[in-house]
Amino acid sequence: MSDGVGRTFFERPVLEVAPSVLGCVLVHGPVAVRLTEVEAYDGAEDPGSHAFRGRTARNAVMFGPAGHVYVYFTYGMHWCANLVCGPAGRASAVLLRAGEVVTGLEVARSRRPSARGDRDLARGPARLATVLGLGGHDNGTDLCDASSPLRFRAGARPTESVRTGPRVGLARAGDRPWRFWLDGDPTVSTYRPYLPRRRSAAPRP
DNA sequence: ATACAGATTGCCT
DNA sequence: GGCAATCTGTATG
């Protein structure tokens, strides 16, 4: 494991880990993605976190040891991936919001036929999970286990500077500046503030 | 039991 | 920029 990352890397506080994963590479089968944008979620302390209301079947992996992957299903159709951080039980995690496909472009394109161009392949959390082929069966995978199909490689320290700002699409605590990205990288997603969805006027027949 | 909001995306105007 | 798609967790009666 020359370029692998030990568990202690993820056991640090999530606000330390989040900026340090930028430029690192997540590999799953034929596709590898260089991370360019992430968000931190800090368990019970964080009203925006899935873990805020305590442990459930869905978020159980967040409460486990660091270095595991928390994959969740949202909006009835999308999967998103996180890296569990901090001490076990803290339930903090880094949401992988965007990245650049650096290996397996052909496979990535075939998994994202609607992508306008290569820079859009992993530009967004559900898109990133899609190009990597991540889904429910990957929930709980241990990145620090050598036999895991998922690999996390430390990247060269990025030349771009790391910027911070508010998190995307959160109704609560979205204003905490816990989003981290590589300044000027074209694969970083566009910022969208929280927008309440309009209720349908009439129920479906 | 029923209602609603959600760590999103893609298609439409 | 607006809005539908689609389903699960959580709140409320």
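Letters go in sequence order (proteins before strands), and every chain restarts at 1.
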When you compare the ring of Y72(A) with the six-membered ring of dA7(B)'s base, are the centres less than 5.5 Å apart and the planes under 30° from each other? no
The nucleotide from dT10(C), dT8(C), dG6(B) with an atom nearest the side chain of F73(A) is dT8(C)
Under 4.0 Å, counting only non-hydrogen atoms across every strand here, what does R167(A) touch: a base, just sugar-phosphate, or nothing?
nothing
To the nearest angstrom, the CE-C1' distance between M77(A) and dA5(B) comes to 13 Å
To the nearest angstrom, the CG-C1' distance between L95(A) and dG6(B) comes to 13 Å
Exercise. Looking at R176(A) and D42(A), does any basic side-chain N land under 4.0 Å from a carboxylate oxygen?
Worked result: no
The nucleotide from dT8(B), dG9(C), dG6(B) with an atom nearest the side chain of Y194(A) is dG6(B)
Before accepting this row, confirm whether a basic side-chain N of the pair E160(A)/R34(A) lies closer than 4.0 Å to the acidic partner's carboxylate O. yes
Between CZ of R116(A) and P of dT9(B) the distance, given in whole Å, is 15 Å
In whole angstroms, the gap separating P of dG6(B) from CZ of R53(A) amounts to 10 Å
field: Electrostatic pair D145(A):R151(A) at N-O distance under 4.0 angstrom
entry: no
Whole-Å distance, L121(A) CG to dT9(B) C1', equals 14 Å
* To do: Determine, using ring centers only, whether F10(A) and F152(A) are less than 6.0 Å apart.
  => yes
The Watson-Crick or G-U wobble partner of dA3(B), with both key distances under 3.5 Å, is dT10(C)
Taking for G76(A) and for R127(A) the nucleotide of DNA chain B with the nearest heavy atom, the one nearer the 5' end belongs to G76(A)
Rounded to whole Å, CZ of F52(A) lies from P of dT10(C) at a distance of 13 Å
Q) Should S114(A) be listed as having a side-chain N or O under 4.0 Å from OP1 or OP2 of dG10(B)? A) yes
Looking only at dG6(B), dT8(B), dG9(C), the nucleotide nearest the A126(A) side chain is dT8(B)
Contact class for A57(A) vs. all strands (heavy atom < 4.0 Å): base, sugar-phosphate, or nothing? nothing
According to a strict under-4.0 Å criterion, is R112(A) in side-chain N/O contact with OP1 or OP2 of dT9(B)?
no
Check your understanding: Within a strict 4.5 Å, meaning less than it, do heavy atoms of the V168(A) and E39(A) side chains meet?
Key -> yes
Atom P, compared across dC3(C) and dA5(B): separation rounded to whole Å: 16 Å
Taken to the nearest whole Å, CD/E37(A) to P/dT8(B) is 10 Å
In whole angstroms, the gap separating C1' of dT8(B) from OH of Y75(A) amounts to 6 Å
Is there a side-chain polar atom (N or O) of H50(A) under 4.0 Å from OP1 or OP2 of dA7(B)? yes
By nearest-heavy-atom nucleotide on DNA chain B, the more 5' of R172(A) and G124(A) is R172(A)
Under a 4.0 Å N-O cut-off, is there an ion pair linking R167(A) with D175(A)? no
message = If I pick the P atom on dA4(C) and the same atom on dC4(B), what distance separates them, to the nearest angstrom?
response = 15 Å
Review point. Roughly how far apart, to the nearest Å, are dT2(B) and dT6(C) at atom P?
Key: 22 Å
